Amino acid sequence: MSKYFKSAALVLQVACGVQLFNNYIAEFTWCFGPSMLPTLNMTGDIVGFEHLTQRFSKLGTGDLVVAVSPTDPSKLVCKRIIGVPGDKVVIDPVSPHRQYITVPPGHYWLMGDNLSNSTDSRAYGPVSGGLILGRVFARLWPSPKWINNGLEEIVEFS
Amino acid sequence: MSKYFKSAALVFQVACGVQLFNNYVAEFTWCFGPSMLPTLNMTGDIVGFEHLTQRFSKLGTGDLVVAISPTDPSKLVCKRIIGVPGDKVVIDPVSPYRQYITVPPGHYWLMGDNLSNSTDSRAYGPVSGGLILGRVFARLWPSPKWINNGLEEIVEFS
């Protein structure tokens with residue numbers, strides 16, 4: 001009996017350590033859907049995301065993040081940050097009637113890479129920073145690769 | 001050296017267990033400010049809040065909750081739920097121009113008990129359920145007491 005108790009205690013300790021790692025450093029989750037094509041597959045990817053950037057640094061435009069869905073707290077969404085607090089962003093770039101919005105303090109404007117098939121901030125508005133869980137740094141499966149910010153400076157031609 | 005290592009391991013295990021309890025069962029935090037008078041003190045209270053209602057049941061109107069501030073993810077707010085998803089609530093009961101809003105799915109309408117001095121959903125709109133950390137069940141310090149829902153059925157006089 002004592003042997004089983006020791007094994008159970010060890011399992012609990014490992015689970016605790018993994019839980020701490022997941023909460024404070026990095027974890028992985030399942031992202032599926034067409035909203036992030038071509039960056040992420042429609043049939044689903046396992047992506048790794050980290051909590052450190054949000055805690056010690058700042059999330060910036062172009063970062064791919066995992067967030068709790070604003071309309072359904074039991075679901076996660078994987079979107080890209082288009083606007084940080086204070087930015088003036090276009091609400092819907094494909095709309096003929098261009099409207100702007102200033103991103104409120106503490107909020108982010110999220111959009112999927114596949115604008116034609118993405119439910120994002122164009123539908124549910126700016127997303128509060130407290131809903132964002134972390135920044136995606138890699139796709140783990142299938143075809144593992146690093147996922148970068150991808151933002152490029154605009155070079156103005158004179 | 002081995003003795004110190006064993007003590008460190010024990011401290012780590014206890015911290016892990018406390019962390020799990022805090023994340024999944026209940027924890028306590030500091031709420032201060034005039035927005036929840038007379039329920040909570042202006043100079044600050046330590047309140048205990050639990051995560052179980054939100055996970056296994058549903059938060060309801062009248063529940064006092066702790067949430068991440070929508071405008072500043074590094075701060076917490078303690079407010080009362082006035083509207084659950086689908087409810088039609090009055091935006092500002094003390095305003096001469098009465099406006100209504102239907103609480104969107106997955107969101108809650110939060111207001112402080114001290115309407116005259118509370119920054120709440122009247123200022124920052126409906127709060128996404130993912131920002132709500134848990135339901136307050138007791139004030140731990142000073143003067144410990146249970147904190148109840150307080151909602152009463154309206155008795156219609158015919």
Side-chain angles (χ1 to χ4, degrees), chain A residues 6 8-25 27 51 53-59 65-77 79 81 84-86 101-108 110 119 121 123-135, chain B residues 6 8-25 27 51 53-59 65-77 79 81 84-86 101-108 110 119 121 123-135:
Chain A
K6 276 190 119 180
L10 181 66
V11 166
L12 184 68
Q13 288 161 35
V14 170
C16 264
V18 169
Q19 171 76 7
L20 277 189
F21 188 84
N22 280 359
N23 279 354
Y24 291 106
I25 301 183
E27 51 183 311
H51 304 281
T53 305
Q54 198 178 12
R55 184 180 289 267
F56 297 114
S57 179
K58 251 198 282 200
L59 297 171
V65 294
V66 173
V68 176
S69 164
T71 50
D72 187 353
S74 61
K75 291 187 166 44
L76 297 181
V77 295
K79 302 288 177 202
I81 291 178
V84 296
I101 187 173
T102 306
V103 181
H107 288 68
Y108 295 88
L110 303 182
T119 310
S121 283
Y124 43 69
V127 174
S128 178
L131 291 172
I132 294 181
L133 298 179
R135 186 186 70 93
Chain B
K6 276 191 115 178
L10 182 65
V11 167
F12 181 75
Q13 290 161 33
V14 171
C16 264
V18 170
Q19 172 74 7
L20 278 190
F21 188 83
N22 279 1
N23 279 355
Y24 292 106
V25 182
E27 53 184 310
H51 303 281
T53 305
Q54 198 176 11
R55 185 180 289 267
F56 297 114
S57 181
K58 250 197 285 200
L59 296 172
V65 294
V66 173
I68 300 177
S69 165
T71 50
D72 187 352
S74 60
K75 292 186 166 44
L76 297 181
V77 294
K79 302 290 178 203
I81 292 178
V84 296
I101 187 173
T102 305
V103 181
H107 288 69
Y108 295 88
L110 304 182
T119 311
S121 282
Y124 44 68
V127 175
S128 179
L131 292 172
I132 295 181
L133 297 180
R135 184 187 71 95

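All chains are named by letter (A, B, ...) in the order of the sequence lines, taking the proteins before the strands, and each is independently numbered beginning at 1. Because the structure is a prediction, the values reported are computed rather than measured.
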Fill in: Under 4.5 Å from a heavy atom of chain A, the part of B:Y124 involved
neither

Practice prompt. Identify the heavy atoms of A:T102 and A:G86 that sit nearest to each other, and give their distance.
Written response: CG2-O, 3.8 Å

Worksheet item: Taking A:D72, A:N23, A:V127 one by one, which has the highest count of heavy-atom pairs under 4.5 Å against chain B?
Response: A:N23

Response to the item:
Heaviest contributor of heavy-atom pairs below 4.5 Å to chain B, chosen from A:L131, A:L20, A:L12, is A:L131

Discussion item. Out of B:P70, B:P85, B:P73, return the one with the most heavy atom pairs under 4.5 angstrom to chain A.
Written reply: B:P70

Discussion item. What I'd like to find out is whether the side chain of A:L59 reaches to under 4.5 Å of the side chain of A:V84, using heavy atoms alone.
Written reply: no

Worksheet item: Any side-chain heavy-atom pair from A:V77 and A:V66 closer than 4.5 angstrom?
Response: no

Worksheet entry | Close side-chain approach of A:R55 to A:Y24, heavy-atom, < 4.5 Å | yes

Worksheet item: Side chain, backbone, both or neither: which part of A:P104 has an atom under 4.5 Å from a heavy atom of chain B?
Response: neither

Worksheet item: Is it true that a side-chain atom of A:H51 and a backbone atom of A:N22 form a donor plus acceptor pair closer than 3.5 Å?
Response: yes

Worksheet item: A:S74 versus chain B, heavy atoms under 4.5 Å apart: side chain, backbone, both or neither?
Response: neither

